[in-house]
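Structure first, then comments.
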Amino acid sequence: MNHALSTHFLVNQRLSNVWLDKIYEAGIPAVEIFCAKQHCDWHNKAQVNELAHWFSDAPLKLHSLHSPMFNDEVWGRTGPASIINIADRSKPRRIAAVDEIKRALEIADQIPCRYLVQHLGAPVDDFDEGKLEAAFSSLEEISLFARHRGVEVLLENIPNGLSSAEKLNYFLGITHLNLGYCFDTGHANLMEGIPAAFEMMKDRIRSTHVHDNNGKDDHHLFPTLSPAGTVNWADTMALLRSREHQYPLLLELKANPDFPQPLEAIQRIFENLEKV
């Protein structure tokens, strides 16, 4: 399978050209940039220009952007107003969220990419038809803005009441939005299970987030290397290979002190996954 890596594994550090060099030198041909202000600040023109200059003549390709989840630098700890939620029923907050995402999408004006990975709602959101209506309004605007930049919006399955595989299919069924999916193995493992989620999402999967967990907490563990992981990687890779022409094998990991040389560990993960 084609390989790619999310910069989420160093999300609490500033994304620099040095890191991009290291990623490419590790044999990884494509990345997803995680938009978080402490990492890649979509409002920081100097940082975006620096990254764009590097990508302009680099063999490493930008596969996708991960839409911002918070507008602060501390994962939303400054308060509820920092949450970027396209399903917010408050129109002023929803408009502000869409504006932030559009500003992040402007990165694609300078660094072309194919996809924007978008969450439907916040982690704590329960199922609510009013929130789906709000999300529909948001996604119409975001998708149009993205298409003008050659970018396709992908909805990710996340562990909330709006974004299981079943609920995503329901949402697209009632709204008739023609959107693809980013299939997240770790999140599926926390919800309906990877085989069930894949079966419901498979026709629309255009990208992936591959990581592991203990079945209870969204820890983004290193597949095949973290002893606490519970994903059956032989079965999961068989599923992913069944439609490998649709998407890359894209790792989305969390920094782990057990792996002080993360890129070396990431190389081992890809080798292990291809062998199972």
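What you see below is based on every heavy atom in this structure, not just the backbone, and it leaves out hydrogens, waters and symmetry mates.
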### Task
Carefully, step by step, assess Ile142 and Val98 under the rule side chain to side chain contact (heavy atoms under 4.5 Å, CB included).
CA-CA 7 Å; Ile142 292 167; Val98 170; 3.9 Å; yes

### Query
Taking C-beta and beyond as the side chain, do Leu225 and Asn272 meet within less than 4.5 Å on heavy atoms?
yes

### Which residues share a side chain to side chain contact (heavy atoms under 4.5 Å, CB included) with His43, sequence neighbours left out
Lys37, Asp41, Glu100, Arg103

### Query
Taking all non-hydrogen atoms of both residues, which atom of Val153 and which atom of Gln118 are closest, and how far apart?
CG1-CB, 4.0 Å

### Message
Would you say that Thr175 contacts Leu132 through its side chain, given a criterion of any heavy-atom pair below 4.5 Å between the two side chains?
### Response
no

### Query
Taking Asn256 for the side chain and Phe222 for the main chain, is one N or O donor matched with an acceptor at less than 3.5 Å?
no

### Task
Determine the interplanar angle of the Phe34 and Trp75 rings, folded into 0 to 90°, and report it as parallel if under 30°, tilted if 30 to 60°, perpendicular if over 60°.
tilted

### Query
Are a donor atom and an acceptor atom from the side chains of Thr230 and Asn189 found within less than 3.5 Å of each other?
yes

### Message
Applying side chain to side chain contact (heavy atoms under 4.5 Å, CB included) to Leu51 and Asn17, what does each step give before you reach the verdict?
### Response
CA-CA 6 Å; Leu51 296 175; Asn17 298 345; 3.7 Å; yes

#### Entry: side chain to side chain contact (heavy atoms under 4.5 Å, CB included) between Asp21 and Val18, intermediate numbers included
CA-CA 5 Å; Asp21 279 324; Val18 173; 5.5 Å; no

### Query
Yes or no on side-chain hydrogen bond (donor to acceptor under 3.5 Å, both in side chains) for Thr7 and His39, after CA distance, side-chain angles and deciding distance?
CA-CA 9 Å; Thr7 63; His39 177 60; 2.8 Å; yes

### Message
Would you say the rings of Phe183 and Tyr247 are close, in the sense that their centroids are separated by under 6.0 Å?
### Response
no

### Task
Examine Ile86 and Phe127 and state if one hydrophobic cluster contains both, with Ile, Leu, Val, Met, Phe, Trp and Tyr joined whenever side-chain heavy atoms are less than 4.5 Å apart.
yes

### Summary
What one should report as the nearest heavy-atom pair of Arg149 and Leu105 is CD-O, 3.8 Å

### Query
What's the verdict on side-chain hydrogen bond (donor to acceptor under 3.5 Å, both in side chains) for Asn178 and His176, showing C-alpha distance, side-chain angles and the deciding distance?
CA-CA 6 Å; Asn178 186 24; His176 304 289; over 6 Å; no

### From CD (Glu133) to CD1 (Ile174), nearest 0.5 Å
9.0 Å

### Task
Please find out if less than 6.0 Å separates the ring center of His8 from that of His211.
no

### Message
I'd like to know whether CD of Glu106 has more than 12 heavy-atom contacts from other residues, nucleotides or ligands below 6.0 angstrom.
### Response
yes

### Rounded distance [0.5 Å steps], CD in Glu50 versus CG in Asn44
9.0 Å

### Min side-chain heavy-atom separation Val151-Leu65 under 4.5 Å
no

### Task
Quick one: pull up OG1 in Thr236 and CD1 in Ile194 and give me the separation to the nearest 0.5 Å.
3.5 Å

### Message
So does Gly229 get a backbone contact from the side chain of Ser226, meaning a donor-acceptor N/O pair under 3.5 Å?
### Response
no

### Task
Please answer: with hydrophobic residues joined when any side-chain heavy atoms are less than 4.5 Å apart, are Val210 and Ile28 in the same cluster?
yes

### Query
In the single-linkage hydrophobic clustering (I, L, V, M, F, W, Y; side-chain heavy atoms under 4.5 Å), do Met237 and Ile266 co-cluster?
yes

### Query
Just wondering, do Leu250 and Cys182 contact through their side chains at under 4.5 Å, heavy atoms?
no

### Task
Give a yes or no on whether the backbone of Asp184 and the side-chain of Asn157 come within a donor-acceptor separation of less than 3.5 Å.
yes

### Task
Check the hydrophobic clustering (I, L, V, M, F, W, Y; side-chain heavy atoms under 4.5 Å; chains of links allowed) and say if Ile23 and Ile107 are grouped together.
yes

### Task
Kindly indicate whether the side chain of Leu144, heavy atoms from C-beta on, has any atom under 4.5 Å from the side chain of Glu140.
no

### Query
Is the shortest heavy-atom distance from the side chain of Trp42 to the side chain of Pro68 under 4.5 Å?
yes

### Task
Mind checking the CZ-CG spacing from Phe145 to Leu116? Nearest 0.5 Å is all I need.
11.0 Å

### Task
Using modelled atom types only, decide if a donor and an acceptor are shared between the side chain of Asn214 and the backbone of Ala228 within a distance under 3.5 Å.
no

### Task
For Gln246 and Ile205, indicate whether the former's side chain and the latter's backbone hold a donor-acceptor pair under 3.5 Å.
yes

### Query
Counting N and O atoms only, with roles assigned by atom type, does the side chain of Ser56 sit under 3.5 Å from a partner on the main chain of His53, one being a donor and the other an acceptor?
yes

### Residues Met1, Phe270; criterion side chain to side chain contact (heavy atoms under 4.5 Å, CB included); working and verdict
CA-CA 10 Å; Met1 295 184 68; Phe270 279 127; over 6 Å; no

### Query
Is it true that Asp72 and Arg77 make a salt bridge, defined as a side-chain N closer than 4.0 Å to a carboxylate O?
no

#### Entry: Heavy atoms from other residues, nucleotides or ligands near CG of Asn2 exceed 12 (cutoff 6.0 Å)
no

### Message
Rounded at 0.5 Å granularity, tell me how far CZ in Phe70 sits from CD1 in Ile84.
### Response
8.5 Å

### Message
I want to check something: taking the side chain as every heavy atom from C-beta on, are Asp128 and Arg89 in contact at a cut-off of under 4.5 Å?
### Response
yes

### Query
Of Asp125, Asn160, Asp88, which meets side-chain contact (heavy atoms from CB on, under 4.5 Å) against Lys131?
Asp125

### Message
Between Met69 and Phe9, is there shared hydrophobic-cluster membership here, with clusters defined by ILVMFWY side-chain heavy atoms closer than 4.5 Å?
### Response
no

### Message
Can you confirm whether more than 12 heavy atoms, excluding those of Glu166, are under 6.0 Å from its CD atom?
### Response
no

### Query
Side chain of Thr208, backbone of Pro248: donor and acceptor closer than 3.5 Å?
yes

#### Entry: Donor-acceptor pair, side chain of Asp217 and main chain of His219, under 3.5 angstrom
no

### Query
For Arg114, does the CZ atom sit with more than 12 other heavy atoms under 6.0 Å from it, leaving out its own atoms?
no

### Task
State, with a plain yes or no, whether a side-chain heavy atom of Ser143 is found less than 4.5 Å away from one of Leu179.
yes

### Query
Are any side-chain N or O atoms of Ser82 and backbone N or O atoms of Gly79, one a donor and one an acceptor, separated by less than 3.5 Å?
yes

### Task
Check whether more than 12 heavy atoms from other residues, nucleotides or ligands sit under 6.0 Å from atom NZ of Lys102, and answer yes or no.
yes

### Query
Is the backbone N or O of Leu120 less than 3.5 Å from a side-chain atom of Ser163, with the two atoms forming a donor-acceptor pair by type?
yes

### Query
Say you draw a straight line from CG of Leu20 to CH2 of Trp54; how long is it, rounded to the nearest 0.5 Å?
4.5 Å

